[in-house]
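Heads up: the structure comes next, in structure tokens.
We use all heavy atoms of the structure for the numbers below, so side chains are in, but hydrogens, waters and symmetry mates are not.
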Amino acid sequence: MARHFDDALRPHGLTSGQFSLLMSLNRPDAPTITSVANLLAMDRTTLTANIKPLERRGLLTVTIPESDKRSRCLSLTDEGRTLLAEAFPTWEATHKEVDDMIGNSDAHRLRANLVKLS
């Protein structure tokens, strides 16, 4: 499944994991690395490794909040928001393709079962 989404998102220069990471940052307040790691079911070390290439590309920033100098917060840049907006229709169309391939009711059951596994 991830490979299918990787192939679809490749023209945007993203993997499915990178797209998910950017989507997790698409909110009004900058989340901490810990909260994003929890949301994506990743350990902090893996998340940090995944952040670095996106930060180098100028798609997100890492900041230190005044309230807790030990924390790091993640924010989308304008470039990151633009890329996410451009890639979102591809992600949405790919989901529809997958639903059509496996049947809509089976897709809902599959997603529910995957949530149980996580």
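Using modelled atom types and a 3.5 Å distance limit, the side chains of Ser35 and Thr32 yield a donor-acceptor pair. If you check the side chains of Asp6 and Ser16, you find a donor sitting under 3.5 Å from an acceptor. Of the N and O atoms on the side chains of His12 and Thr90, at least one donor lies less than 3.5 Å from an acceptor on the other residue.
For the pair Pro31/Leu25, a side-chain contact is recorded, criterion being any heavy-atom separation below 4.5 Å from C-beta on. Here the side chains of Leu76 and Leu22 are in contact, with some heavy-atom distance below 4.5 Å. Two residues are said to be in side-chain contact when any heavy atoms from C-beta on lie closer than 4.5 Å; Arg72 and Ile64 meet this criterion. In this structure, the side chains of Asn50 and Met42 come closer than 4.5 Å at one or more pairs of heavy atoms. Using a 4.5 Å cut-off on side-chain heavy atoms (C-beta onward), Lys96 and Asp100 make contact. Counting heavy atoms from C-beta outward, Leu47 and Ile33 have side chains that approach closer than 4.5 Å. Considering only heavy atoms from C-beta on, Glu79 stays 4.5 Å or farther from Arg57 through its side chain. Counting heavy atoms from C-beta on, the side chains of His4 and Val98 come closer than 4.5 Å.
Here the straight-line distance linking atom OG of Ser24 with atom CG of Leu40 works out to 4.5 Å at 0.5 Å rounding. Atom-to-atom distance recorded for Leu54:CG and Phe19:CZ is 12.5 Å, nearest 0.5 angstrom. Considering CG of Leu83 and CZ of Arg81, their distance stands at 12.5 Å, rounded to 0.5 Å. Between the OG atom of Ser20 and the CG atom of Leu14 there is a distance of 10.0 Å, given to the nearest 0.5 Å. Taking CD of Gln18 as the start and CG of Leu84 as the end, the distance is 12.0 Å to the nearest 0.5 Å.
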**OP:** Check step by step if side chain to side chain contact (heavy atoms under 4.5 Å, CB included) holds for Lys52 and Thr48.
**Re:** CA-CA 7 Å; Lys52 290 184 186 301; Thr48 300; 4.0 Å; yes

**OP:** Decide side chain to side chain contact (heavy atoms under 4.5 Å, CB included) for Ile51 and Leu21; before the verdict, give the C-alpha distance in whole Å, the side-chain angles of both, and the deciding distance to 0.1 Å.
**Re:** CA-CA 8 Å; Ile51 289 167; Leu21 174 53; 4.2 Å; yes

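Residues satisfying the salt bridge (Lys or Arg N to Asp or Glu O under 4.0 Å) criterion with Arg10, sequence neighbours excluded, are Asp7. Scanning for side chain to side chain contact (heavy atoms under 4.5 Å, CB included) contacts around Asn38 gives Thr34, with sequence neighbours left out. Taking His95 as the reference, Phe5, Trp91 meet the ring-ring contact (aromatic ring centres under 6.0 Å, His included) condition, with sequence neighbours excluded. The salt bridge (Lys or Arg N to Asp or Glu O under 4.0 Å) search around Arg3 returns none, not counting sequence neighbours.
Counting heavy atoms of neighbouring residues, nucleotides and ligands inside a 6.0 Å radius, atom CZ of Arg27 exceeds 12 of them.
Screening residues 33-70 for ring pair (Phe, Tyr, Trp, His ring centres under 6.0 Å) gives no qualifying pairs among residues at least two apart or on separate chains. Sorted by first and then second residue, the ring pair (Phe, Tyr, Trp, His ring centres under 6.0 Å) pairs with a member in residues 37-87 form an empty list; sequence neighbours excluded.
Nearest heavy-atom pair, Asp43 versus Thr46, reported as atom, atom and distance to 0.1 Å: OD1-N, 2.8 Å.
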